[in-house]
**Q** 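To start, I am sharing the structure in question, which I have written as C-alpha cells.
Numbers restart at 1 for each chain; the letters A, B, ... are given by sequence-line order, proteins then strands.
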Amino acid sequence: MYMVQAQKLSKRVASPEGTLTLLDAVDLEVVAGEACAIVGASGSGKSTLLGLLAGLDAPSSGRVLLDGVDLGTLDEDGRARLRAGRVGFVFQSFQLLPSLTALENVMLPLELTGRTAPGRTAREVLARVGLADRLRHYPSQLSGGEQQRVAIARAFASSPKILFADEPTGNLDQATGERVIDLIFSLNRERATTILLVTHDEAVAAHCHRRLHLAAGRLRDDSGPGADRQLDLPGAAGENI
Amino acid sequence: MRIFRLSLLGLLRDWRAGELRVLGLALVIAVASTTAVGFFTDRVGLLMGRQASALLGADLAVVSSDPISPGFAGNARGLGLKIAETVTFPSVVLAGSKTELLEVKSVSAGYPLRGMLRVAQLPYGKELATRTIPAPGTVWLGPRALTRLGLRIGDKIKLGSSLLTVAEVLAYEPDRGGDLFGIAPRLLMNLQDMPATALIGPGSRVTYRLLIAGPAPALAKFRQWIDRRLEPGERLEDIHDARPQLREALDRAQKFLGLAALVSVLLAGVAIATATRRYAARHLDGTAVMRCLGATQRYVVWLHVLQMLWLGLVASLAGCAVGYFAQQVLVYLLSGLVAAPLPPPSGFPVVSGLLTGLVALLGFALPPVLRLKDVTPARVLRRDLGQLPARTWMVYAAALAVATALMLWQTRDVGLTAYLLSATSLTLAGLSAVAYALVRLLRLLRAHSGVAWRLGLAGIARRAGTSVVQMVAFGIGIMLLLLLSLVRGDLLNEWERSLPPGAPNQFVINVQPEQVAPLRRFFFANGLKDVDLYPMVRGRLLAINHRPVDASSYSDIRARHLVEREFNLSWTVRPQPDNRIVAGQWWTAAQYGKPLASVEQGLAKTLRIKLGDTLEYRIADRDLSVRVVNLRKVEWDSFRVNFFVVTPPGLLNGYPATYITSFHLAADRHGLLQKLMQRFPNITIIDVQTVMAQVRSIMHRVNLSLEYVFLFTLLAGLTVLYAALQATQDERTHEVAVMRALGATTRQLTLSLAVEFTAIGLIAGLLAALGATVSGYLLARHLFHLHYHVDPRLWLAGLIGGGAGVGTFGVWGTRFVLARPPLQTLREFS
C-alpha cells in the first residue's frame, strides 16, 4: 500500500537563461508507515519535490498519487480537500498564522475538516508537546522552539496519514532541533504516521528508515541494503535509479 | 541632471511594478473633487464678472420700492443716455380654473439695455434672441408658469383686472429675479398695460427700476448729478455691485462645496500615507545598496522627492481632467438655479488643483519617504538592520499642517478653520475610539465561531490599526451621505409635523383699506370665521437714537438686508396670541395714539435695539419717531401674521396702509381661492404649500450637488481600503498559502475574507449611523429646536451599505491572493 507515489515527475521553470530543470523524471514510492528522508545540497530541489508530492504545486510533467489519488485529476480545491485531515506539515519557518493564538492555530486543520470538539483535541495535542500553558499566546510571543512545537501539534492534531516536514530544524539551534526531532518521531511511533522529511542534516536523516539523495534533479537511494527490512513491509523495495 | 533622469526612470519602473497605483489613484480623486467644484464656481464667477452689465440689463440702475421721480429719466436722456423702466412685483394669475403666483415684470420699450431676451414657441423649445418686448395686451410667460397653468401660446390669462394674451414663451431674461435661487415662475408684460391691471396700490410689494446705459463719460456725469438727489430708499446699482445676493450665494457655494471636496482630499491623504509607508518599506533594500555605492543622504532624499513630484504632477493633471468632466454633472444638477448659460472655465482651477494635489502628496507622503535617508548601508549585509521605526508624530504633524493649510485656503477664515479643525479632530477621535472598542469586542466573538469566521475576525484584530483607519474612513463617507439624504429629510418632516394642525396655509396681501370690510364678510360667508386682517404701513428705518442707520455699519448680512429694505409697521390693541413680552410693558388704552413701539426680540438683537431706544422712520415722505417700550418673542413657525415692529392703535392712522391676513384652507376647498381672486382681483394670495414645494425643490438640488461631491469622499474611502489591501497583501497571501496547505478550500478562504471585510464595513456603517444620529440630534435640539426621533432606516442603510459595500470591494480586491500556488508563497516566506 503506497502512501505516496511519484512517476516520471519533472518540474521545469522559465529563467532568463532558458528553461531550468529542477526535477528530472523522478520516481518515488513511499509505503504507509515508512519514514523517508530526502537529503541534498541547498538548491537541489528538495523542497520543490516535497511541494509537488503534497500537491502544493503542479508538476510540469509526470504523476503524483497521494493516498492512491492522482493529484493531476484534481484542481486546487480538490487537492486542498484531499490534504485536509490526511496530510500534516512541518515547515522550516513554522508558518504559523500570526493573527491566531497557539490554540487557534492548532484548531485550524481540525475545523477545516469539521471534526467535533476541535478545542479539546487541540488542547490535548498542545499538552502532549509541552505547551499546555501557552494556549493563548500569539506566535510572536513564543520562542522559535515553541513555535515549531505548536507547528508539530498542528501537524499531528488531525491524526494525518502522512507528515511532510521541510527542514524542520533549519531555523533552530542544535539542542532545540534535537528535541523537535525527538518529538516528531515519537509522535510518528505513537500514531503510525508516514513521514516524508526533507533535510540537509545527516543526523536528522539518520532517524528515518530510508534516505534518498537528490542531486541534479535526480533521486538516488542512499540507505543501506537492510533499511527496507527494518520496516518489514511488502512493496517497499528501494527504487534505485 | 542625472538625478532627474534617474528619478524619472525610477518612477516608470515603480509604476510598472504597480507600486504607485494607489498613490496615483488617491491623488486623482483628491484633485478631481476639488477641481470639479473649482471649475463650477469659476464658471459662475466668470459669468457674473463678464456679463455683469447684462445681468443688470443696463450699465446703471436706480432701484426703489417707490416710483422713481421722472426727473431722473429726463436728466439721463438729456445726457444722451438710453433708458428703460421696469416694475417688478409678485401677483397671482388666473387661467381657467388654475391660479399661480408669478413674479411679474412689466417693462418699457428698449428693455433690456444690455443683454438680450430669448423666447421660444414651446416650453424648453428652441430659443431665439429678440430685441422686442411684449406688445401691449400680450404677455410672455416663463416655461414653468406655462406648464403649471396648463397654457399654450394664444391662450388668455387674467392678471388683476386685465385679460391678456400669451404671445411667447419667455426662455431667458438677463436681469432675472433677485438671486441665484429665484425660481418662481415668471411673467413679462408691457409697462403700458400696468395701470389697467389695477394691481399696484399704495403699500404694494413693488420694485421699480430705472435702467440706464450709454458711454462712460455720460454715465459718470449722471452719477455725479444723481448722487446728491437720491432719496432714502433709492439706491444706485452698477455692474460692480450688481446682484450682491448672487455674489454672496456664489461665495457661500464656493466655501461649502469647497469644504465638502476637502473631506475627499483629506481621506485621500490617509490613502497616500498608507501607500507611501509600503513604498518606503519596499525601497529599503535599493536605498541601502545605493548608500553602499556612495550615494549621499541628500541624494537619496532628492531622488525620492523628485519621483514623488513627477507623480504628483501627472496625477494632479489627470485629476484636473477628471474634475472637468465631473463638473459638467454639477452644472446639470444645479441647472435652473443659474439662469444663463455658463462660459467656459478659466485656467485658475487647474492651478489650484495642481497645488492641492502637490500639497496633499508632499504633506502625506513626505514623512515616510524622508525616513529613507536614515537607511544604513550595513543593511546590504544584514537585512534585519535598518527597519525604520515609523515616526508617527511626524506623519500626524504633517497631516495636520496640510489640513490646516488647505482649510485656510478654502475658507480664508482663521476662526472657521480653527472651529472646523477641532470639530473634525473631535469627530475623528470619537469615531476611532468607538471603532477600536468594537474591534476589541470582536475578539469575544472569535471563541464561539467557525474557522472561516475566526480567521476573518482574527485578521481585523491583528491589523487593528489599519482596520480602525478603514472603518473611520468609510464611516465618514457613509455618514456624510446619510446626513444629507436621511437626516435632512427627517428634520424637514419633523419641522412640518411640529406645525400645529390648522396652521394658516394661505397668505393674502395687498388688501386695500376699503376692501377690509367686504373681505371680512366674504370670509365669514364662506365659513372662515376668525380671519383677522392686519394693517401694514411701509416705512424706512432712518435712525436709532438719532444716529443714522447705514447698512455698512453692520457686519451681519441679515442686519444689512433688514436696514436696506422697508419695514412693515402695524398697529394692534393686543399682542398676537403666540407673542410673549420678554421685556418692558404692553401699552394701555391711555397710551393709544402715542409714539410707542413693540419690537421683536430677534430683530432687536440683530440691529442692536434696546428697550427705551428711539426709532426714526420715514413713511411716505413724513418722518415718525417712536420709543421702544417692549420686546416680544414671536413664534414665526405659527404661520400667523406677525410684525417686527408694532405700534399702539391710532398712531399710524394718517399713513397709507394695506392689509394682510393668513388663514387655513382645507385641501378640498381650493376652489374658494378662485372666487376670492374674482371678487378682489388686485389682492395677492400666497400658497404656503407652493412656496414650501419651491423651497424643497431648491434644497433638493443643492443637496444633490452636495451628495455628488461627497461621492468623491466615498471613492476616497475606497482608495483607503485599496491602500490598506495593498499594504496587507503580503500578509494575506501568506495566510492563504498556509491555509491551503492545511487543506482549506476556496470557499472557506473566500468566506473568511468576506467575514473580515463585511465586519469592517458593518462597523463603518455603525459608526456612520451613530455619527449621523448624534449630528441629527444636535442639529434638531440646538439649531432647529425640534424633537429628534431616531430613524431606524439610518442604521439599516448604514449597516447594509457599509457591510455590503466594503465586503464586496474587499473580497474583489483580494481575489488575486487566492490565485497563487501555495508552494511559491510558502518559500518566499521561509
Side-chain angles (χ1 to χ4, degrees), chain A residues 11 13 47-58 75-89 91-101 103-115 118-119 136 138-140 151 154-155 157-158 160 164 166-167 170-171, chain B residues 439 442-467 728 730-753 755-756 759 815 817-830:
Chain A
K11 181 72 178 177
V13 290
S47 297
T48 306
L49 176 59
L50 190 83
L52 290 177
L53 297 176
L56 296 181
D57 200 359
D75 60 4
E76 192 71 57
D77 270 353
R79 294 198 291 271
R81 267 189 218 101
L82 178 67
R83 280 195 298 272
R86 256 186 272 204
V87 177
F89 280 103
F91 300 98
Q92 176 177 6
S93 49
F94 326 134
Q95 306 283 19
L96 298 175
L97 291 191
S99 55
L100 299 182
T101 61
L103 180 65
E104 288 174 334
N105 262 294
V106 177
M107 282 165 69
L108 261 186
L110 297 167
E111 290 175 318
L112 285 174
T113 47
R115 305 274 174 93
R136 306 244 166 259
Y138 284 90
S140 57
R154 182 177 68 182
S158 56
F164 288 100
D166 182 15
E167 302 273 16
N171 276 356
Chain B
V439 168
L442 283 182
R443 289 189 187 184
L444 299 179
L445 257 148
R446 245 161 90 180
H448 310 284
S449 53
V451 57
W453 282 83
R454 174 164 319 125
L455 199 72
L457 296 180
I460 295 178
R462 176 168 148 68
R463 298 177 271 270
T466 21
S467 303
T728 56
D730 298 344
E731 225 168 282
R732 287 180 197 285
T733 317
H734 176 224
E735 277 179 9
V736 164
V738 173
M739 293 288 289
R740 275 258 191 246
L742 296 179
T745 60
T746 307
R747 221 178 71 84
Q748 285 167 319
L749 291 171
T750 309
L751 182 62
S752 82
L753 288 172
V755 165
E756 178 173 344
R815 68 196 186 285
V817 165
L818 297 178
R820 288 187 95 195
L823 186 63
Q824 199 183 334
T825 311
L826 290 174
R827 297 182 81 174
E828 279 169 20
F829 274 85
S830 53

**Q** Just wondering, more than 12 heavy atoms not from Arg747(B) lying within 6.0 Å of its CZ?
**A** no
**Q** Checking Ala461(B) against chain A: side chain, backbone, both or neither under 4.5 Å from a heavy atom?
**A** neither
**Q** Might you point out which heavy atoms bring Ala744(B) and Ala80(A) nearest each other, and give the distance in Å?
**A** O-CB, 3.2 Å
**Q** Distance check, rounded to the nearest 0.5 Å: Gln95(A) atom CD versus Leu742(B) atom CG?
**A** 10.0 Å
**Q** For Gly743(B) versus Ala84(A), what's the shortest heavy-atom pair and its separation?
**A**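 Looking at all heavy atoms of both residues, the shortest contact is O-CB, 3.7 Å.
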**Q** If I take atom CD from residue Glu756(B) and atom OG from residue Ser99(A), how far apart are they, to the nearest 0.5 angstrom?
**A**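 If I round to the nearest 0.5 Å, the distance is 8.5 Å.
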**Q** Enter the distance from Leu826(B):CG to Leu50(A):CG here, rounded to the nearest 0.5 Å.
**A**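 If I round to the nearest 0.5 Å, the distance is 10.5 Å.
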**Q** Report yes if some heavy atom in the side chain of Arg83(A) is under 4.5 Å from a heavy atom in the side chain of Arg740(B); otherwise report no.
**A** yes
**Q** Decide yes or no for Arg454(B) and Leu100(A): does some side-chain heavy atom of the first lie under 4.5 Å from some side-chain heavy atom of the second?
**A**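 A side-chain contact under 4.5 Å exists here.
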**Q** With a 4.5 Å heavy-atom cut-off, do Met739(B) and Leu112(A) have their side chains touching?
**A**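 They are in contact (side-chain heavy atoms under 4.5 Å apart), so the answer is yes.
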**Q** Any idea which of Thr48(A), Leu110(A), Leu82(A) has the most non-hydrogen atom pairs under 4.5 angstrom with chain B?
**A** Thr48(A)
**Q** Which bit of Glu735(B) is near chain A, if near means a heavy-atom gap under 4.5 Å: side chain, backbone, both or neither?
**A**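 Both parts, backbone and side chain.
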**Q** Would you indicate whether the side-chain heavy atoms of Glu76(A) and Pro822(B) approach each other to under 4.5 Å?
**A** yes
**Q** Tell me, for Phe94(A) versus chain B, whether the close heavy atoms (under 4.5 Å) come from the side chain, the backbone, both or neither.
**A**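 The answer is neither part of Phe94(A).
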**Q** Sort Pro160(A) into side chain, backbone, both or neither according to what part of it lies under 4.5 angstrom from a heavy atom of chain B.
**A**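 Pro160(A) has no heavy atom closer than 4.5 Å to chain B.
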**Q** Which bit of Arg86(A) is near chain B, if near means a heavy-atom gap under 4.5 Å: side chain, backbone, both or neither?
**A**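 Neither part.
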**Q** Work out which heavy atom in Ala741(B) is nearest to a heavy atom in Phe91(A); give both atom names and the distance.
**A** CB-CZ, 4.3 Å
**Q** With chain A, which of Val738(B), Leu455(B), Ile460(B) has the greatest number of heavy-atom pairs at distances under 4.5 Å?
**A** Val738(B)
